[in-house]
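Okay, structure first, notes after.
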Amino acid sequence: MNRDNKLKFMTSHYKSFTYIENLHQHIGEAVTLNGWVFDKTEKGKLIFIKLRDGSGIVQCVLFKPNVSEDISANAQALTQESSVSVKGLVRAEQRAPGGVEIDVQDIKLWQVARDYPITPKEHGVEFLMEHRHLWLRSTRQHAIMRVRAAVIKAIRDFFDGNGFTLMDSPILTPNASEGTSTLFETQYFDLGKAYLTQSGQLYAEASAMALGRVYTFGPTFRAEKSKTRRHLTEFWMVEPEMAYFDLNDDMDLAEDFVEYIVQYCLKTCKRELAILGRDITKLEAVKRPFHRLSYTEAVEWLNANEIKLNKRTPDGAEVQVDFPWGEDFGAPQEEAIMTQFNKPCIIHRYPTDVKAFYMKRDVENPKVVLAMDMLAPEGAGEIIGGSQREDDFNALRERVLHENLPEHEFQWYLDLRKYGSVPHSGFGLGLERTVKWITGAEHIREVIPFPRMIYRIVP
RNA sequence: UCCGCAGUAGCUCAGCUGGUUAGAGCAUCUGACUGUUAAUCAGAGGGUCCGGGGUUCAAGUCCCUGCUGCGGAGCCA
């Protein structure tokens with residue numbers, strides 16, 4: 001990720017040591033580096049130490065006859081992930097990775113690490129997840145975390161630069177906003193049960209009625225017992241909400257937004273994407289306009305291409321049937337639809353019964369709601385879910401009652417339809433699913449520093 | 001919750017229709033080497049074969065059961 005060089009205080013004020021990323025500015029000078037041993041190998045009178053400091057990796061070479069016995073003893077004592085300060089001359093060197101290396105003059109040992117568990121060889125995911133706190137030190141994880149940081153910056157730049165106001169929504173909420181999903185529960189003083197939020201959307205709607213264009217960006221919690229490569233129990237979601245936006249405006253914004261994020265990463269994360277071995281031609285193709293299909297067109301496509309639905313009959317047998325209009329798409333249907341496309345696709349106007357109570361019905365066809373999901377290509381799946389919201393007081397109240405939601409807890413939400421109600425729309429984008437897609441990571445757990453999953457809360 | 005797969009050295013794995021003392025690569029330790037990039041070469045140490053029960057002359061291997069993890073479905077971002 002390209003560093004923002006407008007803020008130079010880290011290089012101009014703190015002179016006691018140098019960061020590896022700045023070494024090319026110091027060729028011929030003596031510098032002190034502070035870091036950790038990434039790898040060490042000895043060849044006779046030479047010791048090669050690959051040092052990492054978080055900003056990069058550089059090879060430090062110690063030639064034993066050039067230094068005292070104490071210093072070469074220090075170098076020899078180094079183990080993987082030992083913490084050290086290295087003093088030496090910076091020189092350009094063709095044979096060194098990166099073209100720059102340090103001719104070591106002095107080594108100060110902070111701590112010798114014993115038996116670092118993650119060796120430079122292969123490891124299984126289970127083992128690595130148990131050592132997540134150490135796994136983050138590896139090159140590949142550095143690259144993923146920097147792409148994640150770039151995606152977050154792109155998200156904030158996009159909205160901040162387009163007249164949106166950040167309006168954080170609460171994490172503790174009195175009810176399930178969609179009334180369906182399983183939520184994490186806790187006791188809230190004497191006021192009864194509270195839940196960890198599964199979406200900031202209802203609060204974003206209230207904020208949009210105040211400030212016009214807003215977004216909320218924070219952690220979200222789902223207590224579903226999901227065990228897949230695309231689910232976390234704690235994940236980050238950004239949710240823009242716009243007054244006077246209809247569904248088409250919403251879809252246009254979602255396309256602009258996703259295009260901006262992907263193009264920003266291509267521009268600023270070349271090195272990281274190269275480390276990850278990402279095929280960037282696939283990302284370069286992510287340009288507007290994206291594909292769009294109505295739910296009904298998608299069902300017709302599935303049936304025209306004989307992509308059947310696996311259904312279980314009451315006696316337990318599995319049968320394959322034509323996809324029936326009205327059924328929600330699962331991962332297999334979405335994946336099949338996306339095989340046609342090399343850039344994202346929006347599916348819109350889903351059956352009313354499979355979507356949330358707050359979505360507005362299509363006046364032209366009340367059997368569908370003005371909802372939209374954006375699916376990313378390359379099997380990445382759903383990254384956005386959004387809709388135009390129901391803005392009519394009576395229609396919304398009817399939906400609240402129909403879903404057996406506690407009306408008194410939704411009074412404030414219904415109020416928004418009483419005092420200057422307007423058409424409005426928004427969507428939620430899953431941060432980790434987006435980062436997984438852009439980095440090409442196998443599993444969503446790799447793209448958040450400390451993943452929370454059904455059977456793992458440590459570290 | 002349902003379906004499938006797995007658990008053998010610190011790590012990644014092999015171990016056939018049950019058959020002597022349990023195998024490899026890497027890592028670790030010792031030694032050699034002035035250019036290593038996952039160095040190479042020589043040597044050494046390292047095992048509750050996930051737990052419990054059963055079948056058998058004999059179980060890492062077969063059966064039952066439990067635990068743990070992984071993947072998929074559902075739920076969704």
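Protein chains get the first letters and strands the later ones, always in sequence-line order, with residue 1 at the start of each.
If you measure from atom CZ of A:Phe184 to atom P of B:C75, you get 18 Å, rounded to the nearest angstrom. Separating the CZ atom of A:Phe427 from the C1' atom of B:C76 is a distance of 17 Å, rounded to the nearest angstrom. Between A:Phe127 atom CZ and B:C70 atom P the separation is 15 Å, expressed in whole Å. In this structure, CD of A:Glu81 is placed 21 Å from P of B:G10, rounded to the nearest angstrom.
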Are there any protein N/O atoms within less than 3.5 Å of an N/O atom in nucleotides 30-33 of chain B, and if so, which ones and at what distance?
from, atom 1, to, atom 2, distance (Å)
B:C33, N3, A:Gly44, N, 3.3

Show the distances under 3.5 angstrom between N or O atoms of the protein and N or O atoms of nucleotides 23-27 of chain B.
none

Please list every donor-acceptor pair under 3.5 Å in which a side-chain atom of residues 429-438 of chain A meets a protein atom from a residue at least two apart or in another chain.
from, atom 1, to, atom 2, distance (Å)
A:Glu432, OE1, A:Trp236, N, 2.9
A:Glu432, OE2, A:Arg148, NH1, 3.0
A:Glu432, OE2, A:Arg148, NH2, 3.3
A:Glu432, OE2, A:Trp236, N, 3.4
A:Arg433, NE, A:Arg230, O, 3.0
A:Arg433, NH1, A:Glu382, O, 3.0
A:Arg433, NH2, A:Arg230, O, 3.2
A:Thr434, OG1, A:Gly430, O, 2.8

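Position along RNA chain B of the nearest nucleotide to A:Phe48 versus A:Arg114 favours A:Arg114 as the more 5'-ward residue. Nearer to the 5' terminus of RNA chain B, by closest-nucleotide assignment, is the contact made by A:Arg95 (compared with the other of A:Gly430 and A:Arg95).
When heavy atoms are screened at a 4.0 angstrom cut-off, A:Gly330 is found touching the sugar-phosphate backbone but no base atom. Across all strands shown, A:Asp39 has heavy atoms under 4.0 Å from sugar-phosphate atoms exclusively, and none from any base. A:Gln59 comes within 4.0 angstrom of a base, heavy atoms only. Residue contacts for A:Leu46: at a heavy-atom cut-off of 4.0 Å it reaches a base atom on one of the strands shown. Residue A:Pro97 is classed as a base contact, given a heavy-atom separation below 4.0 Å to a base. Note on A:His443: only backbone sugar-phosphate atoms sit closer than 4.0 angstrom, heavy atoms only; bases stay farther off.
The aromatic rings of A:Phe341 and A:His291 sit parallel, their planes meeting at an angle under 30°, below the 60° perpendicular limit.
In this structure, A:Lys50 fails the cation-pi test against A:Phe38, since its NZ or CZ atom is not both closer than 6.0 Å to the six-membered ring centre and inside 45 degrees of the ring normal.
A gap of 22 Å separates the P atoms of B:C2 and B:C63, to the nearest Å.
Of the inter-residue distances, the one linking A:Arg349 atom CZ with A:Arg361 atom CZ reads 15.0 Å to the nearest 0.5 angstrom. From A:Phe257, atom CZ reaches atom OH of A:Tyr215 across 9.0 Å, with rounding to the nearest 0.5 Å.
You'll find a donor-acceptor pair under 3.5 Å spanning the side chain of A:Arg222 and the base of B:A77, going by distance alone.
Non-hydrogen atoms lying under 4.0 Å from RNA chain B are contributed by A:His231, A:Leu232, A:Phe235, A:Met237, all within residues 231-242 of chain A. Against RNA chain B, the stretch residues 63-72 of chain A makes heavy-atom approaches under 4.0 Å through A:Phe63.
Each of B:C70, B:G35, B:G74 was ranked by its minimum atom distance to the side chain of A:Ala331; first place goes to B:G74. Comparing B:G35, B:A39, B:A73 by their nearest atom to the side chain of A:Glu101 picks out B:G35. Nearest to the side-chain atoms of A:Lys225 among the listed nucleotides B:A73, B:U1, B:C70 stands B:U1.
For A:Ser425 (side chain) and A:Phe245 (main-chain N/O), a donor-acceptor pair under 3.5 Å exists by modelled atom type.
Checking A:Glu101 against A:Gln59 by side-chain atom types alone, a donor-acceptor pair falls below 3.5 Å.
Using a 4.0 Å cut-off, no side-chain N or O of A:Arg230 falls inside it from OP1 or OP2 of B:G71.
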**OP:** Apply salt bridge (Lys or Arg N to Asp or Glu O under 4.0 Å) to the pair A:Arg288 and A:Glu259, showing each step before the final yes or no.
**Re:** CA-CA 7 Å; A:Arg288 288 200 68 184; A:Glu259 180 191 74; 5.9 Å; no

Original post:
Could you write nucleotides 43-48 of chain B as a row of B, S and -, 5' to 3', where a protein heavy atom under 4.0 Å of any base atom gives B, of only sugar-phosphate atoms gives S, and otherwise -?
Top reply: ------

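Using the Watson-Crick or G-U wobble rule with both distances under 3.5 Å, B:U68 pairs with B:A6.
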